[in-house]
Amino acid sequence: MAGSFLAAAGGVDAPLRTPKASASEWPQWRGPNRDGISPDTGLLQEWNSKQPKLLWTADGLGGGYASVSVARGRIYTTGNQPAGQAVICLSAFDGKVLWKHSITTSVPKHGYPGTRCTPSLDGDRLYAIATSGKIACLKSADGVEVWSKDFSTWHGKMMSGWGFSESPLVDGDRVLCTPGAEDAMIVALDKLSGKEIWRSNVSSPGSKGKDGAAYSSIVISNGCGVKQYVQLVGHGVIGVRASDGKFLWEYNNVANGTANIPTPLVSGDYIFCSTGYGAGAALLKLVKDGPTIRCEEQYFLPGNKFQNHHGQMILKDGHIYCGHGHNKGLPICLDMESGKIDWGGNAQGPGSDSAAVCYADGNVIFRYGSGEVALIEATPAGYKLKGSFKPDYIGPEKCWSQPVVIGGRLYLRDQDKLMCYDVLAK
């Protein structure tokens, strides 16, 4: 059974000091496989004797908590601009802004102003979602809009008032998003034209949580041999069949009534999910049930033992690494199969507030809401802090954007600014 929990990291490309078309790419939310795992190797293995070197700092991104996508020598993100929410394209060589394109006609108003969506790159096009609830397809070369759809088309709804936060999923000939309506919880669109392929009808799956979309993004599972889209929504985790959007299963117990945020982790027939606000975490197993699929809870961990607020989680070699606690980011390692805590969960580390995480070359990078960045070895043997540093710029807002490591560089977004650090060992 343990073998089914091993998470593949993907192919490994040689890191480069300057981005090239052949370099590794980070084309979407949480990287190539939506799991927060970088394919890079040859990186600094400790930051005590040699810390990451700042290469450049870019500004002009506007307000936002969005992370970045990186491909073909360009960086893409989203941010609030004077004319509305926009997609911004920068040079990966020096951070120079190459173009900006607004996808709304005004700046959406909601709590914690700013964008959330990391653009999804696909060939000569990209896809992004505004916090107001609008998906747009742009040409990646110059930002010219190809098509757009407003979530009001499907009577879209959020579970609470911080804006649509999803990063769309491109899968084959379609792009998927989560408007959050009961009869259109998830929608599949033709990625070239924006024409609707199907919409999933998902009735309220339980008493916990609230109606509508949550703050998570879709991932793909092939559990029980059935391709399905897994999403954390207002009432918990759901699975819908990829071929036609049919509602397959749901899990309500992990939902909270304020904001369900972390992207679920997928491993074979298993789904691991967690939310903050005191909710907790659970391991689910997908089981074939005649013509359909059901999920079976393998264990549930209460919020005082394990809860991930919004910094996301890393599954590597059967173990989960993340920041535990609501607004705390306490480093923790969990054995996914058993639910046993390997270490942590009771000490803050070098920063405070929630911690956004990514994995690269044997280590997990923690980027705390207070700004500090830490290198922690990804091992169940014990907590091993291998150095930390304070970025050259830490603004007045929370540093909640996900860190990205690709091509030997560490990208740190802090609202209007983006910092690029060299993390290669040589």
Is the shortest heavy-atom distance from the side chain of [X] to the side chain of [Y] under 4.5 Å?
X    : Y    : result
N363 : Q45  : yes
Y127 : V170 : yes
L284 : W249 : yes
I314 : I320 : no
T263 : Q312 : yes
P380 : D335 : no

Where do [X] and [Y] come nearest, in terms of heavy atoms and distance?
X    : Y    : answer
C137 : R125 : SG-CD, 3.6 Å
A92  : W56  : O-NE1, 3.6 Å
Y321 : C333 : CE2-SG, 3.4 Å

Spell out, as yes or no, whether a donor-acceptor pair under 3.5 Å connects the side chain of [X] to the backbone of [Y].
X    : Y    : answer
T115 : C117 : no
D416 : G62  : yes
E397 : G395 : no
S200 : K246 : no
N308 : G323 : yes

Applying side chain to side chain contact (heavy atoms under 4.5 Å, CB included) to F151 and K157, what does each step give before you reach the verdict? CA-CA 8 Å; F151 284 5; K157 178 180 180 179; over 6 Å; no

Distance alone, cut at 3.5 Å: any donor-acceptor contact between the side chains of [X] and [Y]?
X    : Y    : answer
Q402 : W29  : no
D392 : Y421 : yes
Q81  : K100 : yes
T379 : E377 : no
K386 : N48  : no

Do NZ/NE/NH1/NH2 and the carboxylate oxygens of [X] and [Y] come within less than 4.0 Å?
X    : Y    : result
D244 : R241 : yes
D353 : K398 : yes
K227 : D171 : yes
D35  : R30  : no

Using the side chain to side chain donor-acceptor pair (under 3.5 Å) rule, pick out the option among H110, K109, E166 that qualifies with T131.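 The single option meeting the side chain to side chain donor-acceptor pair (under 3.5 Å) with T131 is H110.
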
Centroid-to-centroid, W400 to Y112, below 6.0 Å?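 Centroid distance W400-Y112: below 6.0 Å, so yes.
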
Tell me whether the count of non-hydrogen atoms from other residues, nucleotides or ligands lying under 6.0 Å of NZ in K134 goes above 12.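 Enclosed.
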
Quick check on K288: does its NZ atom have over 12 non-hydrogen neighbours (other residues, nucleotides or ligands) under 6.0 Å away?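 More than 12 within 6.0 Å, yes.
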
First locate atom [atom1] of [X], then atom [atom2] of [Y], and finally report the distance between them rounded to the nearest 0.5 Å.
X    : Y    : atom1 : atom2 : value
L232 : N260 : CG    : CG    : 4.5 Å
S160 : D211 : OG    : CG    : 12.0 Å
I238 : Y251 : CD1   : OH    : 15.5 Å

Among D361, V405, L410, side chain to side chain contact (heavy atoms under 4.5 Å, CB included) partner for D40: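 Going through the options one by one, the only one that passes is V405.
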
